[in-house]
Every structure is written in C-alpha cells, then in structure tokens.
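First comes the structure, then the notes that go with it.
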Amino acid sequence: MSKSTKRQEILDIALELLAEHPEGLRYTVLKNLIYQRSQRTFNLNTIDGSIWNLDVKHPDKVWKPERGLFQLREMTGEPPETSVIDTVSSATSAPREQQFYGPFADWLVKDMEEVSKAVPLGGNAFGDKWGTPDVIAIRESQRGDLFQMPTELVAVEIKTDINQMITAFGQACAYHLFSHKVWLVIADQSTRKEVSRLDSLCQIFGIGLVTFNASSVENPGWRILSRPTKHEPDWFYVNQYLQVIKDKL
C-alpha cells in the first residue's frame, strides 16, 4: 500500500470516527481510536503524521472549536450533553517513568497547544543537584501571527512513584529558576488527601498539576487539576541552562 493510500485510509477512518462522536475527539484519543479501528494495521507514527494538523489539511471538513479538540464542521452548533472523550482503554502493564516523557510532550503540544515544541529530557542533562526537567518546552509566536509574544520556557516534572511526591514538588519549585511556567505530573494512584494537599501547594506556588494513569503509556488519561501561572525567571539561569540543551530545542 502506497503512502498516499495509507494517508487517505487514515483520513477516512478519522472522519468516520468524528462523525460517530459529534462532541469532538481530542488528538490522542483520535489517534488511538484510529489505531484500534484499523486493527493496528498502521504504525502510530504514520497515524500521527496524517492527523496532527487535520484541521489545516482539511479545513473544509474539520475544525477546532477549542484547543486540541477535532470536530467535523457539519457538527457545529450546540454540542451534545455527552462529554468529550479523554481516555480510551487502559493497559495492565507497569511502564517505566521515562516512557511517559514523550507522550506528555506530545500532549502538551498537540492536545493542549500550550507550547510550540516540547522534548523529553530527564536524566542529568543539566549536571547539577537542582535537577533536570523530564520535559522541556518552548512557546513562541508563529511567523504569520499578527501579535508576536516573547518566547516562554516551560519545564515539566513527572513522577510515577507516589512515594516521591514531596521530592517531585521540590524539584518543580526549583524549575521556576529558569522557567516561565512549570507543570508537575503525578500518578493518579495517589490518595485523595495527598493529591488535595499537593493541589493546594501547586496553586500557591503557581505550578500546574496533572494526574495520569501510570499503568498505560498509550492511554495515560492526562487530567488537569490546576494550571500554571506565568512568572519571570532569572535570565542568568535561563541562558545558562538553555546553552546546555540548545541543540534539542
């Protein structure tokens, strides 16, 4: 099957799924549903390349009523009372924490459209005791935008170990040193009391908080509890750390 034929078939399935869900489908959900509907015939990367800008390629058929949400143009108007689907089925394996870096980076760019580019980092790329973000991202204006905003740097700390939440929160706070916005992403297996306390702390310190299903890389079900607030970092450290990772961004 040629590449053009594959892309057309993926498009046909995408339109079929959007017709079945008049309320709209978010990027990650649509990709996974196409993968399932095609009985895993297509590579996930091929699906990704075919639908990530579906509204741009086919503006006559698809639009985005809100960030990261695809909907058929014929479905405009008052949406049904059913909520937008945010998760599909969950897996039973226990993936490593590093396996979620890429999916969260994709979600931040393609579903939330919060940043222009995001890359997995982790490890000890910065080489100091203050820690290295698991995902680093930038938000910048597009060339054709009428209003050109200053570039923003976004840092993300992800933790699958529910016993490391205090450590994770401390690391997230340290990222304010060189980031305009910071996200803390924790496993939803944490107790309600612990999540509630952490949510309050994140709001006090302006850190965005997200929970997710740490047992499924394909369907983490990212859920925003609070959004980050923007603040001005120390530009000395911004330049110091960006110098280390400039090739990645």
- Begin from the C-alpha positions of Arg223 and Phe212 and carry the test side chain to side chain contact (heavy atoms under 4.5 Å, CB included) through to its verdict. CA-CA 6 Å; Arg223 178 170 173 257; Phe212 72 105; over 6 Å; no
- Could you tell me which non-hydrogen atom of Pro65 sits nearest to which non-hydrogen atom of Gln71, and how far apart they are? CG-OE1, 3.5 Å
- Message: Has Asn219 got a side-chain atom pairing as donor or acceptor with Gly221's backbone, closer than 3.5 angstrom?
- Response: no
- Query: What pairs with Thr167 under side chain to side chain contact (heavy atoms under 4.5 Å, CB included), at least two apart in sequence or on another chain?
  - Reply: Gln164, Gln171
- Message: For a quick test of reading the model, state the closest non-hydrogen atom pair linking Lys57 to Gly49 and the distance between them.
- Response: NZ-O, 3.1 Å
- Going through the checks in order, is the side chain to side chain contact (heavy atoms under 4.5 Å, CB included) test met by Arg197 and Met165? CA-CA 11 Å; Arg197 179 173 296 184; Met165 287 200 297; over 6 Å; no
- Step by step, would you call His176 with His231 a ring pair (Phe, Tyr, Trp, His ring centres under 6.0 Å)? CA-CA 8 Å; His176 272 314; His231 82 289; 4.3 Å; yes
- Message: Is there a side-chain contact between Leu177 and Pro233 in this structure, where contact means two heavy atoms from C-beta onward sitting under 4.5 Å apart?
- Response: no
- Does any non-hydrogen side-chain atom of Asp134 lie less than 4.5 Å from one of Val156? no
- For the pair Asn239 (side chain) and Trp235 (backbone), establish whether a donor and an acceptor sit closer than 3.5 Å, ignoring hydrogens and angles. yes
- Taking it one step at a time, do Arg139 and Glu114 satisfy salt bridge (charged side-chain N to carboxylate O under 4.0 Å, His left out)? CA-CA 7 Å; Arg139 181 184 182 186; Glu114 289 280 340; 5.1 Å; no
- Query: Where do Glu9 and Arg7 land on the salt bridge (charged side-chain N to carboxylate O under 4.0 Å, His left out) test, with the steps shown first?
  - Reply: CA-CA 5 Å; Glu9 189 169 341; Arg7 291 186 182 279; over 6 Å; no
- Heavy-atom nearest pair, Phe100 first then Ser216, reads CE2-O, 3.2 Å
- Message: Could you check whether any side-chain N or O of Glu97 sits under 3.5 Å from a backbone N or O of Thr160, counting only pairs where one atom can act as donor and the other as acceptor?
- Response: yes
- Tell me whether Leu201 is reachable from Ile166 by hopping between hydrophobic residues (I, L, V, M, F, W, Y) whose side-chain heavy atoms are closer than 4.5 Å. no
- Between His21 and Leu33, the two heavy atoms sitting closest are NE2-CD1, 4.4 Å
- Query: Pick one: which of Thr5, Ile51, Leu15 meets side chain to side chain contact (heavy atoms under 4.5 Å, CB included) with Ile10?
  - Reply: Ile51
Check residues 182-193 and write down every donor-acceptor pair under 3.5 Å in which the side-chain atom is one partner and the other belongs to a residue at least two apart or another chain.
unit_1	atom_1	unit_2	atom_2	d
Ser190	OG	Ala187	O	3.0
Thr191	OG1	Glu194	N	3.2
Thr191	OG1	Glu194	OE1	3.2

- Item | Gap separating the CE atom of Met112 from the CG atom of Leu69, nearest 0.5 angstrom | 11.0 Å
- Message: Less than 6.0 angstrom separating the ring centers of Phe205 and Phe169, yes or no?
- Response: yes
- Message: In this structure, would Ile162 and Val217 fall into the same cluster of hydrophobic residues linked by side-chain contacts under 4.5 Å?
- Response: no
- Task: Using the test ring-ring contact (aromatic ring centres under 6.0 Å, His included), find all partners of Tyr101 that sit at least two apart in sequence or belong to another chain.
- Result: none
- Task: Could you tell me whether a side-chain N or O of Tyr175 sits under 3.5 Å from a main-chain N or O of His180, the two making a donor and an acceptor?
- Result: no
- Candidate pair Leu17 and Arg37, rule side chain to side chain contact (heavy atoms under 4.5 Å, CB included), full reasoning: CA-CA 9 Å; Leu17 288 166; Arg37 180 66 62 89; 3.2 Å; yes
- Note on the structure: Scanning both residues in full, the closest heavy-atom pair of Ala168 with Lys159 reads CB-CG, 3.3 Å
- side chain to side chain contact (heavy atoms under 4.5 Å, CB included) filter on Lys64, not counting sequence neighbours, yields Asp55, Phe70, Glu113
- Item | Nearest-0.5 Å distance that lies between atom NZ in Lys31 and atom CG in Leu44 | 5.5 Å
- Report the C-alpha distance between Leu11 and Ser50 in whole Å, list the side-chain angles of each, state the deciding distance to 0.1 Å, and finish with yes or no for side chain to side chain contact (heavy atoms under 4.5 Å, CB included). CA-CA 7 Å; Leu11 171 62; Ser50 302; over 6 Å; no
- Item | Same cluster (ILVMFWY, side-chain, under 4.5 Å), Val56 and Leu25 | no
- Partner set under side chain to side chain contact (heavy atoms under 4.5 Å, CB included) for Asp106, not counting sequence neighbours: Lys110
- Query: Is there a donor-acceptor contact under 3.5 Å from the side chain of Asn32 to the main chain of Glu218?
  - Reply: yes
- Does Ser38 have any side chain to side chain contact (heavy atoms under 4.5 Å, CB included) partners at least two apart in sequence or in another chain, and if so, which? Ile13, Thr41, Phe42
- Query: Are the side chains of Glu16 and Glu20 in touch, meaning some heavy atoms are under 4.5 Å apart?
  - Reply: yes
- Do the non-hydrogen side-chain atoms of Leu30 and Leu54 ever get within less than 4.5 Å of each other? yes
- Sub-4.5 Å side-chain heavy-atom contact between Leu153 and Tyr241: no
- How about Arg73 and Lys61: do any of their side-chain heavy atoms sit closer than 4.5 Å? no
- Message: For a 4.5 angstrom cut-off between non-hydrogen side-chain atoms, does Leu209 reach Leu198?
- Response: yes
- Which pair of heavy atoms, one from Phe178 and one from Pro133, lies closest together, and at what distance? CZ-CG, 3.7 Å
- Ion pair check, Glu140 and Lys117, cut-off under 4.0 Å: no
- Query: Do Val154 and Ile136 have side-chain heavy atoms sitting under 4.5 Å apart?
  - Reply: no
